[in-house]
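Scroll down for the structure; my scribbles are underneath it.
What's counted below: heavy atoms across the whole structure, side chains too, no hydrogens, waters or symmetry copies. Numbers here simply count residues along the sequence, with the first being 1. Quick caveat, the model's predicted, so the values are computed rather than measured.
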Amino acid sequence: MTRIGPDLPTRRIAADTVLIRQGEAGDRAWLIQSGELEVLLDGPDGPRRLGTVGANAIVGEMALLDDGLRSATVRALTTVEAVELSRETFRTLRGRCPPLASYLLESLVAAIRRSYGLSQPERQGGGAGIRSSDSFATVADRRMFRNGHSFFRQGDEGTAAYLIQSGSVGVRRDGADLGVLGPGRIFGELALLANRPRAATVVALEATVCEIIRKDQFAKAIETMPPILRSLTRIYIEQLSGGRLLPHHAEPARTDSP
């Protein structure tokens with residue numbers, strides 16, 4: 001049985017119980033110890049089954065990581081034994097991540113939500129806590145880019161991500177403006193991590209200073225995460241790389257260890 005930490009309650013959940021309803025606010029997640037559940041996505045033609053999950057799956061965590069709404073409905077198909085994880089538990093785990101790792105996790109959750117066609121909560125802190133230093137938890141290559149500089153074009157290969165320290169950039173896809181990003185925002189990380197082409201074009205709208213973040217720096221940041229968040233991060237990256245949106249399985253590790 002997966003061990004999460006001391007004093008976390010285990011619940012026995014009856015068959016046909018709905019643990020999560022799509023579109024509702026979330027206050028807890030569950031690490032499944034035994035039993036089977038189905039994951040349903042509501043649509044114009046009614047609910048569509050995305051798949052089933054069993055032992056070691058974790059459900060309901062995205063709403064705790066980004067304070068968004070539930071992305072799907074989860075119903076017990078059999079009697080289920082599950083460890084209940086509170087919002088506070090996830091906040092404690094995320095608080096143990098360095099800023100780059102925390103921002104990366106938030107970016108991946110947002111990308112998964114977009115893949116489901118769901119809205120994402122507005123980011124508050126961005127990457128403002130990430131600054132140049134010799135630590136592997138931060139980034140070390142700061143450069144100034146002139147007004148009009150093209151960081152990358154839609155369809156390009158991903159080689160780096162960028163954290164804006166000052167200035168602003170414009171994001172365009174298929175000729176349409178998607179928005180403007182300013183200080184504290186990271187862009188370009190998903191193509192880098194998921195090994196897929198750039199989804200948009202990004203151009204400096206003024207003289208802009210950015211930290212350049214390489215793929216190995218993301219990998220080192222992921223290694224600093226508590227085990228359950230590290231496992232989720234790798235699963236999110238795999239899903240985005242392969243376009244496969246399926247339920248999540250956590251590695252059998254304690255979350256009260258580094």
Looking at T17 and I13, what are the two nearest heavy atoms and their distance?
CB-CG2, 3.6 Å

I'd like to check F187 versus V171 (side-chain heavy atoms, cut-off strictly below 4.5 Å). Are they in contact?
no

Assigning hydrophobic clusters by single linkage (Ile, Leu, Val, Met, Phe, Trp, Tyr; side-chain heavy-atom cutoff under 4.5 Å), is L65 placed with L193?
yes

Let me check something: do L69 and L40 share a hydrophobic cluster, defined by ILVMFWY side-chain heavy atoms less than 4.5 Å apart, either directly or through other members?
no

Answer whether the closest heavy-atom distance between the side chains of E189 and I213 falls below 4.5 Å.
no

Any non-hydrogen side-chain atom of I186 less than 4.5 Å from a side-chain atom of L100?
yes

For I222 and R230, the nearest pair of non-hydrogen atoms, with its separation, is O-CD, 3.5 Å

Does any N or O in the side chain of S231 come within less than 3.5 Å of the main-chain N or O of P227, such that one atom is a donor and the other an acceptor?
no

Any side-chain heavy atom of R214 within less than 4.5 Å of one from D141?
yes

Please determine, by modelled atom types, if E81 and S34 share a side-chain donor-acceptor pair under 3.5 angstrom.
no

Using atom types as modelled and distance alone, determine if a side-chain donor or acceptor of R70 lies under 3.5 Å from a backbone N or O of A63.
no

Residues Y236 and L105: closest non-hydrogen pair is CE1-CD1, 4.0 Å

Quick one: does K220's side chain get under 4.5 Å of T224's, heavy atoms only?
no

Assess, by modelled atom type and distance only, whether the side chains of R94 and S102 contain a donor and an acceptor separated by less than 3.5 Å.
yes

Tell me whether F145 shares a hydrophobic cluster with V203, the cluster being built from Ile, Leu, Val, Met, Phe, Trp, Tyr side chains joined at under 4.5 Å.
no

Sidechain-backbone polar pair: T73 side chain, Q22 backbone, donor-acceptor under 3.5 Å
yes

Less than 4.0 Å between a side-chain N and a carboxylate O, is that true for E38 and R75?
yes

Given the rule that I, L, V, M, F, W and Y join up when any side-chain heavy atoms are under 4.5 Å apart, are L205 and L178 in one cluster?
no

How close do A76 and A14 get, counting heavy atoms only, and between which atoms?
CB-O, 3.6 Å

Validation: residues 154-163 side-chain donor-acceptor distances under 3.5 Å, sequence neighbours left out:
residue: Q154; atom: OE1; partner: D174; partner atom: N; Å: 2.9
residue: Q154; atom: NE2; partner: D174; partner atom: OD1; Å: 2.9
residue: D156; atom: OD2; partner: R153; partner atom: N; Å: 2.8

What distance separates N56 CG from L31 CG, expressed to the nearest 0.5 Å?
6.0 Å

Is F90 close to R28 at the side-chain level, that is, under 4.5 Å between some pair of heavy atoms?
no

CD on E88 to CG on D27, rounded to 0.5 Å:
12.5 Å

Kindly indicate, with the supporting measurements, whether the criterion side chain to side chain donor-acceptor pair (under 3.5 Å) is fulfilled by E36 and T78.
CA-CA 6 Å; E36 186 178 25; T78 66; 5.7 Å; no

Once rounded to the nearest 0.5 Å, what's the spacing between atom CD of E61 and atom CG of D66?
9.5 Å

Are L85 and I58 close enough that some pair of their side-chain heavy atoms sits under 4.5 Å apart?
yes

When rounded to the nearest 0.5 Å, the distance separating CG of L192 from CZ of F218 is 6.0 Å

For H149 and T208: C-alpha separation, side-chain torsions, deciding distance, then whether side-chain contact (heavy atoms from CB on, under 4.5 Å) applies.
CA-CA 9 Å; H149 172 79; T208 299; over 6 Å; no

Exercise: do T92 and T89 side chains pair donor with acceptor under 3.5 Å:
no

Is the shortest distance from a Lys or Arg side-chain nitrogen in R91 or D67 to a carboxylate oxygen in the other one below 4.0 Å?
yes

On a heavy-atom basis, which atom in S71 and which in R113 lie closest, and how many Å separate them?
CB-NH1, 3.9 Å

Taking R142 for its side chain and V209 for its backbone only, find out whether a donor-acceptor pair lies under 3.5 Å.
no

Reported CG-to-CD1 distance for the pair L190 and I112, which is rounded to 0.5 angstrom:
9.5 Å

Compare every heavy atom of L229 with every heavy atom of C97, then report the nearest pair and how far apart it is.
SG-CD1, 3.8 Å

Does any non-hydrogen side-chain atom of N195 lie less than 4.5 Å from one of K215?
yes

Going from CG on L50 to CG on L41, what distance comes out if it is rounded to the nearest 0.5 angstrom?
5.0 Å

